[in-house]
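Heavy atoms only: backbone and side chains are in, while hydrogens, waters and symmetry mates are out. Everything numeric in this text was worked out from a predicted model, so none of it was measured.
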Amino acid sequence: MISFFYETDIEPLDKENLVSWIGKVILSEEKSEGEINYIFCDDEYLLKINQDFLDHDTYTDIISFDNTMGDELHGDIFISYERVVDNAKKYSVSIESELRRVMVHGVLHFCGYKDKGDDDARLMRQKEDEKLLMFHVEH
């Protein structure tokens with residue numbers, strides 16, 4: 001089950017299409033959907049999580065806490081809507097597109113993809129692009 005929680009105000013989401021798309025992304029990776037929570041927050045909220053749980057004192061767009069059991073994906077994905085909006089401007093993409101990229105990024109972490117090294121980051125970006133195309137084809 002995919003759930004959405006809000007710690008800040010954001011533009012309305014097309015939840016039905018997002019949930020359908022994320023479900024298809026999960027299946028495309030030969031995984032199954034468990035409980036996945038998206039928590040939308042602001043920079044300060046996510047900074048506090050970064051400091052308290054990861055010992056990082058930096059702003060970020062996403063932090064995911066993976067509780068996957070085998071091939072069944074479970075976890076919490078915290079997204080700073082402020083970072084998403086800023087990054088959309090920075091990369092000249094729509095807010096909706098950037099938000100989908102960050103949302104699928106968290107799920108891809110649950111699937112086992114990493115992004116710390118150059119090779120891993122390239123593969124993650126390739127997977128994000130591949131999964132984003134699934135949204136456009138479906139909807």
- [ ] For the pair E7 and D42, evaluate side-chain contact (heavy atoms from CB on, under 4.5 Å) and give the outcome as yes or no after the intermediate values.
- [x] CA-CA 7 Å; E7 297 295 331; D42 61 20; over 6 Å; no
- [ ] Evaluate the side-chain contact (heavy atoms from CB on, under 4.5 Å) criterion for residues L132 and R101: first the C-alpha distance (whole Å), next the side-chain angles of each, then the deciding distance (0.1 Å), finally the verdict.
- [x] CA-CA 7 Å; L132 286 168; R101 180 176 297 281; 3.4 Å; yes
- [ ] Apply the test side-chain contact (heavy atoms from CB on, under 4.5 Å) to residues Y113 and D120: give CA-CA distance (whole Å), side-chain angles for both, the deciding distance (0.1 Å), then the verdict.
- [x] CA-CA 7 Å; Y113 296 98; D120 287 342; over 6 Å; no
TODO: Given side-chain contact (heavy atoms from CB on, under 4.5 Å), test I95 with K89 step by step and report yes or no.
DONE: CA-CA 8 Å; I95 293 169; K89 290 176 190 167; over 6 Å; no
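The distance from atom CE of M103 to atom CG of L99, rounded to the nearest 0.5 Å, is 5.5 Å. For the atom pair CG (N50) and NE2 (H56), the distance works out to 6.5 Å, reported to the nearest 0.5 Å. Interatomic distance, CD of Q126 versus NZ of K131, reported as 10.0 Å (0.5 Å rounding). The CG atom of D14 lies 7.0 Å from the CD atom of E16; values are rounded to the nearest 0.5 Å. The distance from the CD1 atom of I39 to the CD1 atom of I77 is 8.0 Å, given to the nearest 0.5 Å. Of the inter-residue distances, the one linking N87 atom CG with I62 atom CD1 reads 11.5 Å to the nearest 0.5 angstrom.
A distance of 6.0 Å or more separates the ring centres of F40 and Y81.
E96 is not listed as a side-chain neighbour of E11, based on a closest heavy-atom distance of 4.5 Å or more. W21 is listed as a side-chain neighbour of V104, based on a closest heavy-atom distance under 4.5 Å. Y38 places none of its side-chain heavy atoms less than 4.5 Å from the side chain of F78. Within the 4.5 Å cutoff, the side chain of D57 has heavy atoms near those of the L47 side chain. Between F4 and V19, some side-chain heavy-atom pair lies under the 4.5 Å cut-off. Proximity of R83 to T60: side-chain heavy atoms (C-beta onward) are nowhere separated by under 4.5 Å.
With sequence neighbours excluded, the residues that form a side chain to side chain contact (heavy atoms under 4.5 Å, CB included) with M69 are E72, H74. Partners of D118 according to the side chain to side chain donor-acceptor pair (under 3.5 Å) rule, which considers only residues two or more places apart in sequence or in another chain, do not exist here. Residues that satisfy the side chain to side chain donor-acceptor pair (under 3.5 Å) test with T68, not counting sequence neighbours, are D66.
Note: the hydrophobic cluster containing L46 also contains L54 (ILVMFWY, side chain heavy atoms under 4.5 Å, direct or indirect links). A continuous path of Ile, Leu, Val, Met, Phe, Trp and Tyr side chains, each step under 4.5 Å between heavy atoms, connects V107 with L18, placing both in one hydrophobic cluster. A single hydrophobic cluster is not seen to contain both V93 and V84; linkage of ILVMFWY side chains at heavy-atom distances under 4.5 Å, directly or through other members, places them apart. Both F5 and I49 are assigned to one and the same hydrophobic cluster, defined by single-linkage of ILVMFWY side chains at heavy-atom distances under 4.5 Å.
Remark: R100 does not engage E128 in a salt bridge, criterion side-chain N to carboxylate O under 4.0 Å. In summary, R125 and D115 do not engage in a salt bridge, as defined by a charged side-chain N under 4.0 Å from a carboxylate O. A salt bridge between D52 and K48 is present, with a side-chain N of the basic residue lying under 4.0 Å from a carboxylate O of the acidic one.
Among I26, L73, V25, D71, the one residue that satisfies the side-chain contact (heavy atoms from CB on, under 4.5 Å) test with C111 is L73.
The shortest non-hydrogen separation linking S64 to F110 is CB-CE2, 3.7 Å.
Y59 and E44 share a donor-acceptor pair across their side chains, judged by distance under 3.5 Å alone. Judged by distance alone, the side chains of S28 and K24 never bring a donor and an acceptor atom under 3.5 Å apart. When only modelled atom types and interatomic distance are considered, S80 and D61 share no side-chain donor-acceptor pair under 3.5 Å.
Under the 30°/60° scheme for interplanar angles, the aromatic rings of F53 and F65 are found to stand perpendicular.
A 6.0 Å sphere centred on CG of D9 holds no more than 12 heavy atoms belonging to other residues, nucleotides or ligands.
For the pair H105 (side chain) and H109 (backbone), a donor-acceptor distance under 3.5 Å is absent.
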